[in-house]
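A short write-up of the structure that comes next.
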Amino acid sequence: MTSPTPHAPPGHDGDLPRSQSATTHARPAGPAQQSVPSKDRSRRPWSARRIPAALAASLILLAAGALLFEVIWIRTGHRATAWWTTLTAELATRPLGNVWVLTGAAFAAALGLWLVILALTPGLRTQLPLRVPADSHGRMRAVLERKGAALLLRDAAMRVPGVSTAQVRVRRRRVTVRAGVGFRDTADVKDDLTDSLRREERDQLALARPPRLRVRVRRSTK
């Protein structure tokens, strides 16, 4: 005769369903476990440079195709065209110090420098990178247009008591705000306006590289 199995105490896991038993062991993530925005992972997006690449490829293809066609045309026993004869004669007779030779060399150097700059710079200067979570591993990208950032900061400036007009100019490294004061002391309005814009920039914009803030206030004449 087997003895009955004793019942578990009310607080034991044996009386709880499997899902509730697992819940009792879970701990909420503390502040140290939450993802913190990282500035190092937020990078500027790189432009595809489709238009410059298409122009450069078209020019190179056109020049190479014309030269190749002329070489094949001459090698097959035909007479050289007029532009080829003129070009070879000019290159053979003109000295290196000629103005046209120097102009062509300067144009080629400027074009090459422009292509190098396009290859080494990201472009898209109107887009500002935003902060991304530290656990995104570089897979998340977020940007904000300068015009959108200027509108958000302008709305924040207009909410400050005493500000009647506001003009915001956003650049990559600086934000310039010009505000007109209708009432209150201009020094007090400037302090409140600076604090409000910094909070807006930190909480709403969340820029990866916050630009320097420059605030100018003046008494409104209207």
Side-chain angles (χ1 to χ4, degrees), residues 28-56 110 113-222:
Q33 298 178 357
Q34 296 178 356
S35 60
V36 180
S38 175
K39 295 182 179 180
D40 297 335
R41 298 184 181 276
S42 302
R43 303 182 182 275
R44 290 179 57 190
W46 281 71
S47 173
R49 311 286 193 189
R50 293 184 177 90
I51 296 179
L55 290 177
L113 180 61
W114 178 58
L115 294 177
V116 170
I117 292 175
L118 291 180
L120 298 180
T121 54
L124 300 178
R125 299 180 63 86
T126 60
Q127 297 182 0
L128 302 174
L130 304 181
R131 293 195 302 264
V132 297
D135 56 353
S136 62
H137 304 291
R139 293 189 296 267
M140 183 182 299
R141 294 283 180 86
V143 296
L144 178 64
E145 293 287 341
R146 290 184 185 178
K147 293 182 179 180
L151 290 177
L152 290 176
L153 294 177
R154 181 183 178 277
D155 293 341
M158 294 299 297
R159 290 194 296 265
V160 176
V163 176
S164 58
T165 60
Q167 296 179 355
V168 181
R169 186 177 183 182
V170 178
R171 292 292 180 264
R172 286 201 315 116
R173 301 184 182 275
R174 175 177 295 182
V175 175
T176 303
V177 181
R178 294 181 174 87
V181 180
F183 60 94
R184 297 181 61 196
D185 184 68
T186 55
D188 296 338
V189 173
K190 183 177 181 180
D191 294 338
D192 295 344
L193 181 59
T194 303
D195 295 339
S196 177
L197 291 176
R198 286 177 177 172
R199 287 195 303 269
E200 186 76 12
E201 185 181 58
R202 181 184 66 251
D203 300 336
Q204 300 298 327
L205 298 185
L207 298 178
R209 298 172 181 83
R212 296 189 301 269
L213 181 62
R214 186 176 183 180
V215 179
R216 294 180 177 180
V217 297
R218 58 179 177 83
R219 182 65 61 181
S220 180
T221 58
K222 296 181 180 181

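Excluded from the calculations below are hydrogen atoms, water molecules and symmetry mates; all remaining heavy atoms, backbone and side chain alike, are included.
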| If you measure from CG on D188 to CG on L193, what distance do you get to the nearest 0.5 Å? | 12.0 Å

| What pair of heavy atoms forms the shortest contact from P211 to R173, and how long is it? | CB-C, 3.4 Å

| task | Drop me the distance from L213's CG to D195's CG, to the nearest 0.5 angstrom. | result | 10.0 Å

| field | Non-hydrogen side-chain atoms of V181 and V163 separated by less than 4.5 Å | value | no

| query | Heavy atoms, side chains only, cut-off 4.5 Å: are R219 and T186 in contact? | reply | yes

| note | Between the CG atom in L205 and the CZ atom in R199, the distance rounded to the nearest 0.5 Å is 13.5 Å

| query | Less than 4.5 Å apart, any side-chain heavy atom of R146 and any of R171? | reply | yes

| Taking the side chain as C-beta and beyond, is there a heavy-atom pair between R198 and P210 under 4.5 Å? | no

| field | 4.5 Å side-chain heavy-atom contact, V170 and L128 | value | yes

| field | Beyond-backbone contact of R169 with Q167, side-chain heavy atoms, under 4.5 angstrom | value | no

| field | Which atom of L153 lies closest to which atom of E201, heavy atoms considered | value | CD2-N, 4.4 Å

| field | salt bridge (charged side-chain N to carboxylate O under 4.0 Å, His left out) against R184, all qualifying residues, sequence neighbours excluded | value | D192

| said: Would the distance check show the side chain of S164 and the main-chain N or O of G180 forming a donor-acceptor pair, the cut-off being under 3.5 Å? | reply: yes

| task | Kindly check if the number of other-residue, nucleotide or ligand heavy atoms within 6.0 Å of CD (E145) is above 12? | result | yes

| Side chains of V168 and T176 in contact at under 4.5 Å (non-hydrogen atoms) | no

| From L197 atom CG to L152 atom CG, the distance as rounded to the nearest 0.5 Å | 11.5 Å

| Near I51 CD1, under 6.0 Å, is it more than 12 heavy atoms from other residues, nucleotides or ligands? | no

| To the nearest 0.5 Å, how far apart are CG in D191 and OG in S196? | 12.5 Å

| request: State which residues pass salt bridge (charged side-chain N to carboxylate O under 4.0 Å, His left out) with E200; sequence neighbours excluded, sorted by chain then number. | output: R159

